[in-house]
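See structure below.
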Number of protein chains: 2
Amino acid sequence: MSILVVGSVAFDDVASPSGSVKNILGGAATYFSLAASYFTQVRVVAVVGEDFGAEQEQVFKKRGIDTRGIERAAGKTFRWGGNYSENLNEAKTTFTDLNVFEKFQPRIPREYEDTEFLFLANIQPTLQAEVRRKMHAVRMTGCDTMNYWIQGTPKELRETLKLVDVLLINDTETKMLAGESNLPRAAHKVLAMGPQALVIKHGEYGATIFFREGAFGIGRHPFRAPTLPIEEVKDPTGAGDSFAGGFMGYIASQEQLNREVLKRALFYGGVMGSFAVERFGTERLQALTREEIEERFQVFRELTHLE
Amino acid sequence: MSILVVGSVAFDDVASPSGSVKNILGGAATYFSLAASYFTQVRVVAVVGEDFGAEQEQVFKKRGIDTRGIERAAGKTFRWGGNYSENLNEAKTTFTDLNVFEKFQPRIPREYEDTEFLFLANIQPTLQAEVRRKMHAVRMTGCDTMNYWIQGTPKELRETLKLVDVLLINDTETKMLAGESNLPRAAHKVLAMGPQALVIKHGEYGATIFFREGAFGIGRHPFRAPTLPIEEVKDPTGAGDSFAGGFMGYIASQEQLNREVLKRALFYGGVMGSFAVERFGTERLQALTREEIEERFQVFRELTHLE
């Protein structure tokens with residue numbers, strides 16, 4: 001099955017204790033589609049500027065990603081700069097030049113209309129909702145958002161959440177969205193806003209999925225996937241989008257859509273996130289093998305497995 | 001098999017968003033021994049003042065804990081006060097009256113000398129080392145410490161760590177002790193100081209155990225036990241000590257001392273920590289059943305278990 005991601009393609013400047021890079025290919029849609037491409041056919045809707053050339057296009061093409069939905073606009077591609085300090089948990093944004101991304105109006109190519117899985121990366125909530133409403137064959141919609149929209153456009157975000165099956169956000173965003181500091185209580189409040197399931201990303205501690213009662217089958221409890229503690233974190237940029245790519249990509253590759261599939265998907269999300277941070281930018285995600293992915297999946301599984 | 005804990009017995013004043021209590025029984029040795037008492041015979045070495053009466057003694061006795069090592073000194077018992085804000089992750093200490101604990105010189109009753117498992121709760125590192133050196137039948141020593149000793153008595157702590165088999169501390173303490181912000185790298189540095197294994201407690205995210213190469217059997221990777229997200233956290237005081245009690249108590253109850261036992265122990269640690277925080281003080285730990293413990297152990301297991 002194929003999956004469509006709608007989101008940003010960007011050029012990033014990143015500095016971390018491991019070094020610094022400039023003008024590397026980034027953006028949520030880029031990390032997502034590379035990670036998902038190891039599991040299923042990926043389609044991208046995004047906007048880039050005149051500085052996006054054959055070299056960048058090739059990064060997608062080499063992974064078999066359908067780029068017909070990447071629109072070229074007059075001007076420059078979205079640019080972002082960030083610094084990570086020793087603890088690596090949060091980037092300090094040094095600059096954000098939205099450029100062509102400022103007027104982004106997602107256009108869905110006719111050839112994409114039959115897509116059954118959809119991921120709405122972190123863009124303005126009303127645009128997310130518009131895209132969702134245009135996709136009539138969709139079986140499952142994943143969605144990301146951030147503090148900027150939670151605080152800035154709460155009404156619009158609430159409307160979007162009604163259209164979403166799985167929301168993927170982090171601890172802080174969950175608490176902020178719910179206005180509740182206890183994580184499981186906050187999770188239930190978020191689920192009451194619409195999503196069938198909520199994936200809360202805990203960074204180096206893995207992720208937890210909470211389900212609405214009865215959603216995706218039966219079960220009393222949430223499910224948690226750990227991640228292996230990583231000694232060499234070079235660049236955390238894109239970890240969350242790579243997580244989403246592994247999670248949604250694995251789901252789109254499966255016949256069934258049930259809790260057991262979503263649990264495995266949570267592990268694959270962690271696996272892809274852990275690969276992403278090992279090198280600057282998308283370097284690691286460009287050249288993985290399915291064998292490496294399966295090997296790490298087994299390591300993650302054993303990490304919490306009692307005999 | 002029996003286990004000896006050496007540490008504080010205290011009276012606590014605690015305030016959290018769920019309410020407040022005054023003069024309740026607390027202290028590391030108290031939480032530890034109650035949690036461990038569900039698995040094995042527990043012995044306590046501690047000091048209390050004249051305000052420690054029959055009521056407090058009964059809390060230990062009811063759980064079959066051997067209190068012959070609790071010394072009565074002239075004066076008042078150690079008193080601590082703390083406030084938890086909304087996020088509950090860290091207590092703001094409102095007062096610390098060491099009282100009789102200030103001159104604590106652990107005395108090991110002759111009847112305790114055959115104890116095979118030892119837990120050195122958070123006290124001055126030189127006292128910890130002295131206790132360890134007096135115990136000649138010990139098969140395994142667990143140890144806790146805190147930022148106060150890591151920064152204040154680093155040389156003494158280093159000497160103690162050479163005598164310890166398993167150190168149980170949190171993320172911040174691990175990074176501080178190692179002088180290294182990456183957690184797995186910090187873990188390896190701490191293991192190089194002496195312990196065979198290091199248990200890093202992540203609070204609501206569970207715990208990870210790192211092993212020295214070859215320690216407790218073979219294995220390439222660390223192991224991680226999750227905890228169930230808890231909706232009703234009333235009082236986080238003693239969670240870490242209850243974790244240690246479940247962890248060490250389970251180990252002491254087993255014939256073998258290998259990685260599989262330590263992995264299960266990590267789950268039991270999480271289970272006991274999760275019970276502790278559900279009520280103020282030791283209330284929940286005083287009246288558990290082994291069935292409740294096993295039931296939660298299964299829930300924790302299923303929390304990350306793929307079919």
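From a predicted model like this one, the values you see are computed outputs, not experimental measurements. Both backbone and side-chain heavy atoms feed into the values below; hydrogens, waters and symmetry mates do not. A note on names: the letters A, B, ... follow the listed sequences, proteins ahead of strands, and every chain is numbered from 1.
Residue A:E295 places its CD atom among 12 or fewer non-hydrogen atoms of other residues, nucleotides or ligands, all under 6.0 Å distant. The environment of CD in B:Q298 is crowded: more than 12 heavy-atom neighbours from other residues, nucleotides or ligands sit within 6.0 Å. Annotation: B:R158, atom CZ; neighbour count of heavy atoms from other residues, nucleotides and ligands within 6.0 Å does not exceed 12.
Looking at B:T227, both its backbone and its side chain come within 4.5 Å of chain A, counting heavy atoms on both sides. Looking at A:I230, only its backbone comes within 4.5 Å of chain B, counting heavy atoms on both sides. Contacts of B:E204 with chain A are made by both backbone and side-chain atoms, with heavy-atom separations under 4.5 Å. For a residue to count as touching a neighbouring chain, one of its non-hydrogen atoms must lie under 4.5 Å from one of that chain's; by this rule B:R224 touches chain A with backbone and side chain alike.
Taking the side chain as every heavy atom from C-beta outward, B:F223 and A:L306 approach each other to under 4.5 Å.
Ring pair A:H202/B:Y205 is tilted by interplanar angle, where 30° to 60° counts as tilted. Using cut-offs of 30° and 60° for the angle between ring planes, the A:H305 and B:H305 rings count as parallel.
B:H221 NE2 to A:L303 CG: the interatomic distance, rounded to the nearest 0.5 Å, is 8.5 Å. Here NZ of A:K263 is found 7.5 Å from CD of B:E302. Values are rounded to the nearest 0.5 Å.
In this structure, the side chain of B:E307 does not engage the main chain of A:E260 through any donor-acceptor pair within 3.5 Å.
Per-residue counts of heavy-atom pairs under 4.5 Å with chain B were compared for A:A187, A:G219, A:P222, A:A225; the largest is that of A:P222.
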